[in-house]
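Just so we're on the same page: letters track the sequence lines, and every chain starts at 1. As a basis for the values below, the full set of heavy atoms in this structure was taken, side chains included, without hydrogen atoms, waters or symmetry mates.
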Amino acid sequence: MAKSVEPATDLPPYRYTAELANSIEEKWIERWEERRTYFTPNPVGEISEPNGELAKRPPYYVLDMFPYPSGSGLHVGHPLGYIGSDIYARYKRMDGFNVLHAMGYDAFGLPAERYAVDSGRHPDVTTRQNIANMRAQLRRIGLGHDPRRGVSTIDPEYYRWTQWIFLQIFDSWYDADRQRARPIAELVEELDAGARPWPPGSAANGRSWSALSERERRRAIDSARLAYLAEVTVNWCPALGTVLANEEVTADGRSEQGNFPVFRRPLRQWMMRITAYADRLADDLEGLEWPESLKLMQRNWIGRSFGVQLDFSVKADTEVAMPVFTTRPDTLFGVTFLAVAPEHPLLAGGLPASWTDDIPASWRGEASVPDAPDGGFASPAEAVAAYKHLTERRSDRQREGDEGPSGVFTGLWAEHPLSKEKVPVFVADYVLMQYGSGAVMGVPAHDSRDFAFARALGVPVEMVVQPPVEWLSEQGLASDAGVERWSDAYTGQGTSVGSGRDTDGLPSEEAGRAFADQLERLGLGEHQISYRLRDWLFSRQRYWGEPFPIVYDEEGDPVALPESELPVLLPELSDFSPKVSDDELAEPEPPLARLSDWVETELDLGEGKQRYRRETNTMPQWAGSCWYYLRYLDPTNSDAMVDPEVERYWMKHQGEPGGVNLYVGGVEHAVLHLLYARFWHKVLHDLGHVSSPEPFQRLFNQGYVQAAAYTDERGFYVEASEVEERDGSCFHRGQPVERSYGKMGKSLKNGISPDEIIAGYGADALRLYEMFLGPLDQDRPWETQGIAGVVRFLQRVWRYVVDEQTGEARVVDAPPPVGLRRALHRTIASVRRDIESLRLNTAIASLMEFSNELRAELGDEPPAREIAEALVRALAPFAPHLCEELWERLGHTDSVVYAPYPESDPDLAALDQVKIAVQVNGKLRAVLEVPAGAERDELEAAARAEEKVAELLAGAKLSKTIVVPGRIVNFVLDGKG
RNA sequence: GCCGGAGUGGCGGAAUUGGCAUACGCGAUCGACUCAAAAUCGAUUGCCCUUACGGGCUUGUGGGUUCGAAUCCCACCUCCGGCACCA
């Protein structure tokens, strides 16, 4: 809580109070702006001046994650990462680098649109106002950003290039042989020349390329593009008038926002072929300086698994080969059934008209379809239709939430490729159409899901991997217990059994290899890699986003607009809300579709004037944030996304992968944003538009600020600032409330505004305290009272340098005591080390320690200029306003922002005296103070000479003496150790 | 369920490679200044036993390796995060 300090009459006139801090801070923020202190020059182009000589320095790019301009103002948790990156950027700037550091705004998207709808104003108005508010709040924290580079995604001059990048992706295809994207024109050339029979990903169906009509060829090529249209199943929420991401749908199939029903339906949408890059996205993580945990999250998200795809032949209308994917070919002889996803194409063909008599009721749907007749459905076709109808209406989330496995028998039988036995084919919703081939081989003995399914429907279980005895005993089973007594599948490796072949008795891995080889020889299977990653759904039925630079011709096929048509401006629209409905079958209607004058257009795209319809979906919020770090490089360039020379200057580093040197942001973007941005960057790299293969070389995740939050008896959060504490209990308006801790923010009603803290203590104190609370990558609880410690520290630094009575600098131009100088150099060494690895809490602790030594050494005496100036420079990245003021009072006319960061002289930083612990039997008995270079013999002799040690050694038998120079002496007496 | 990460004073946290556990700060207690309070300055502050001298214990729990473990190994407990029918 900010205290309102009485204007204390008896304080010295130049005491560093909140008032003084605030006036210093405001003064310097204005001067920095006037002097363009943070303007960072490019080597060439429009913004290569002023400070042009800086561009000769080595470049360094420090980036924060693109903020979304919230309408509710900042709390002290928001700027945590920004302060950390700012300190690092300032340090690098003082250490001789040309540092690019800027802040723009990710201003399109759902939250901005919803805020506008709620406040009844146009998103363009509210968003720009929010940006202005946020800029003002951040400005006051003293972040050293180049203001010219702070782009917003909603600026037409920005989204023009977002659209341009979309066109680059649209105009590309992925060449799997060369493992990179290439212009689509090259694919057309290869096809026309006969160098390639067919576009990748589509099937020839016996026809040759040249036999196709022009329209057919065009559609085949369109489906090979990296950005393509496809009919996909989406979560459609008519009440919100939009499709939702899986994350936005609750477990019971309703919208997270508003709790409206969500339906799954197919819809023609723009997709991005990110799966083409799955291998590179996974492999290239290797060379990045990212937290290992985050790399792992990306790898899991991509979910690459190696296995075998093999064919079972199924007799439906005709004999068809049905591929299944497995990572466990060793369990092939344990297959007792197949299961296909409800959407599987096999089910579209003819199913048998009736069951054979031996089919149990559980297979006929009795166990799985709630309203099935007693004894099950009359025919496979009916059972499958009923089951599909049941599962169709459930969202993915619902499927996952269901208790038991379910499915029905299709009446079809498949032939095992090696044993030639017949196995039944089921339809089951635990099989996902989107993964593998949408069909699985059921091995109940060795897969938990197959096991549960088999038990539920009464399908046989056959063991083909002998589990180790330990597993059986853990399950409470005897070592010879049959598979019918198991309560779960054994999913580990073991000894192969039960195939009746010579692989029996081999370790199961070896048997698996043998089966895979045999399948490959027979042409019935091949090694394959599957991914969890899916292609990226890129359309939104929203107003507040980038329009696609796409129109449709009379046949409904997409046509890219030429660059000269960019930007496609987002048209003015007074009713920008999505069209909502309570009818499940209502057609999605993007707001832009209402503008028929805009949608219907006549253009000459090279074939004379023709009528076209514009694309009315918009891009998702991720689009703008996928490439902003490239626009920061060259924000005013109207000829290119970024000048290649400028791009190379900032992003290409000798002997390193290249990219942004340091990227700081929250772990919540671990997969989506960071994966999408890497994907776009790689496409741009393949097409020659950027020089580095990866966008972000070093990544750092800052933690969250947490704060006490309070819930009333109904479990609702109450405004934390209104809670009072009495006798260890908490009350809100007289009612008792319960305390918990959580991420600071609007939802827990526990936000604390930085404005409030700055008014009460100053921005430098806020900066220091946020960093001092704990390691930057860790969550930390906010307690405003703790800020007193850093305030006192800043006051002391001020008082060392400035006379509190006169305001004059009070340093002496004489050399400091040698001990103090040594302490200074030690401090500089550790502060530098700590900043480099972003351990800013311990960097500040070192500076405090030095300040304590200064006080102990000097008392009230003025410090030497050498000491004072080094301290001011060392502290400047952390407390820039205060240090700029002190620097000026010390007589400097140039800015401390570009003063060189103090260097540590290793000779001075080395300790001349060291303390050595002396132990007897591992227990500390004395501490020696000896010259730093003391040898083993000297140490041992000195240790023996200690009175207490001598006492303990007298009469005892010494079995061992450990001497580690510079560290420890340990006497081990007989009878111990 | 699977995969990660973390457990150190009343609190936030520190501790290069295994070598003085608790740096730095908050809070608390006492003192100086003050009519008083705030601010500031100074001292003390891991726990237990002891008037004292001194001694013992202590990094989630239990074991192990080592002359020596917060740090390495094994088992367990708790908390946090990610993924969740991925065949």
Side-chain angles (χ1 to χ4, degrees), chain A residues 3 5-6 8 10-12 15 17 291-294 296-301 303-305 307 324-328 331 339 396-397 399-402 405 428-432 434-443 446-450 452-453 488 491 530-534 667-668 670-671 769 772-775 778-783 785-793 795-796 799 804 830 833 839 841-849 851-852 855 860 915-928 959-964 966-973 976-977:
Chain A
K3 44 191 104 125
V5 183
E6 294 281 309
D10 52 349
L11 282 185
R15 165 67 46 92
T17 57
E292 278 307 318
S293 58
L294 199 137
L296 194 72
M297 279 164 72
Q298 290 221 342
R299 284 200 192 98
N300 289 343
W301 189 263
R304 179 165 52 182
S305 48
V324 302
F325 175 76
T326 180
T327 54
R328 292 290 303 275
T331 63
D396 274 347
R397 285 283 165 122
R399 285 195 192 185
E400 291 160 18
D402 275 350
D429 71 352
Y430 80 90
V431 184
L432 304 176
Q434 303 93 318
Y435 186 77
S437 57
V440 300
M441 54 180 225
V443 186
H446 306 294
D447 180 282
S448 304
R449 295 152 304 177
D450 297 346
F453 181 83
D488 198 1
T491 58
S530 274
Y531 304 90
R532 203 192 75 105
L533 185 69
R534 318 251 168 91
V667 72
E668 69 272 20
V671 279
Y769 185 51
F772 186 65
L773 273 171
Q778 210 168 288
D779 295 347
R780 74 272 322 265
W782 179 272
E783 293 281 357
Q785 64 172 9
I787 202 171
V790 298
V791 169
R792 280 197 269 265
F793 167 63
Q795 279 177 343
R796 274 183 211 136
R799 205 160 44 232
E804 289 191 309
S830 68
R833 210 171 36 235
R839 288 178 307 199
N841 55 329
T842 50
I844 294 168
S846 294
L847 289 165
M848 286 176 166
E849 252 176 293
S851 142
N852 292 344
R855 175 178 52 188
D860 287 335
K915 285 181 178 169
I916 304 288
V918 182
Q919 299 180 340
V920 177
N921 282 343
K923 288 206 165 138
L924 184 71
R925 295 300 174 185
V927 177
L928 298 174
S959 73
K960 205 171 192 179
T961 305
I962 313 284
V963 183
V964 183
R967 295 243 185 252
I968 206 161
V969 179
N970 190 7
F971 296 104
V972 186
L973 303 183
K976 149 100 191 169

Quick one: list whatever passes side-chain contact (heavy atoms from CB on, under 4.5 Å) with [X], sequence neighbours left out.
X: A:Ala670; answer: A:Leu294, A:Met297, A:Val667
X: A:Ser305; answer: A:Phe325, A:Thr327, A:Tyr435, A:Ser530
X: A:Gln919; answer: A:Ile968, A:Asn970
X: A:Asn300; answer: A:Leu296

Which residues share a side-chain hydrogen bond (donor to acceptor under 3.5 Å, both in side chains) with [X], sequence neighbours left out:
X: A:Ser437; value: none
X: A:Arg839; value: A:Asp834, A:Ser837
X: A:Asp779; value: none
X: A:Arg328; value: A:Asp330

Q) Where do A:Tyr430 and A:Val440 come nearest, in terms of heavy atoms and distance? A) OH-CG2, 4.1 Å
(Q) Check this one for me: any side-chain N or O of A:Arg532 less than 4.0 Å away from OP1 or OP2 of B:rA84? (A) yes
Q.
If you assign A:Asn300 and A:Arg839 each to the RNA chain B nucleotide with the nearest heavy atom, which residue ends up on the more 5' nucleotide?
A.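 With A:Asn300 and A:Arg839 compared, the 5'-side residue is A:Asn300.
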Q: Return the nearest nucleotide to the side chain of A:Val431; candidates are B:rA87, B:rG82, B:rC83.
A: B:rA87
Q. Of the nucleotides B:rG55, B:rG4, B:rC41, which one has an atom closest to the side chain of A:Leu296?
A. B:rG4
Q: Take nucleotides 17-25 of chain B nucleotide by nucleotide from the 5' end and write B, S or -, depending on whether a protein heavy atom sits under 4.0 Å from the base, only from the sugar-phosphate, or from neither.
A: B-BB--BBS
Strictly under 3.5 Å: I want the nitrogen or oxygen pairs between protein and nucleotides 5-10 of chain B, one per line.
none

Q. Is a side-chain donor or acceptor of A:Arg780 paired with a backbone partner of A:Pro775 at a separation under 3.5 angstrom?
A.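 Yes, A:Arg780 side chain to A:Pro775 backbone: donor-acceptor pair under 3.5 Å.
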Q. Counting any heavy atom closer than 4.0 Å, what does A:Gln778 reach on the DNA or RNA strands: base, sugar-phosphate only, or nothing?
A. sugar-phosphate
Q) If we call it a pair only when both distances are under 3.5 Å in a Watson-Crick or G-U wobble match, what pairs with B:rG27? A)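 B:rG27 is paired, partner B:rU45.
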Can you check nucleotides 29-32 of chain B for protein contacts, nitrogen or oxygen pairs under 3.5 Å, and list what you find?
none

Q) Which residues satisfy the ring-ring contact (aromatic ring centres under 6.0 Å, His included) test with A:Tyr769, sequence neighbours excluded? A) A:Trp782
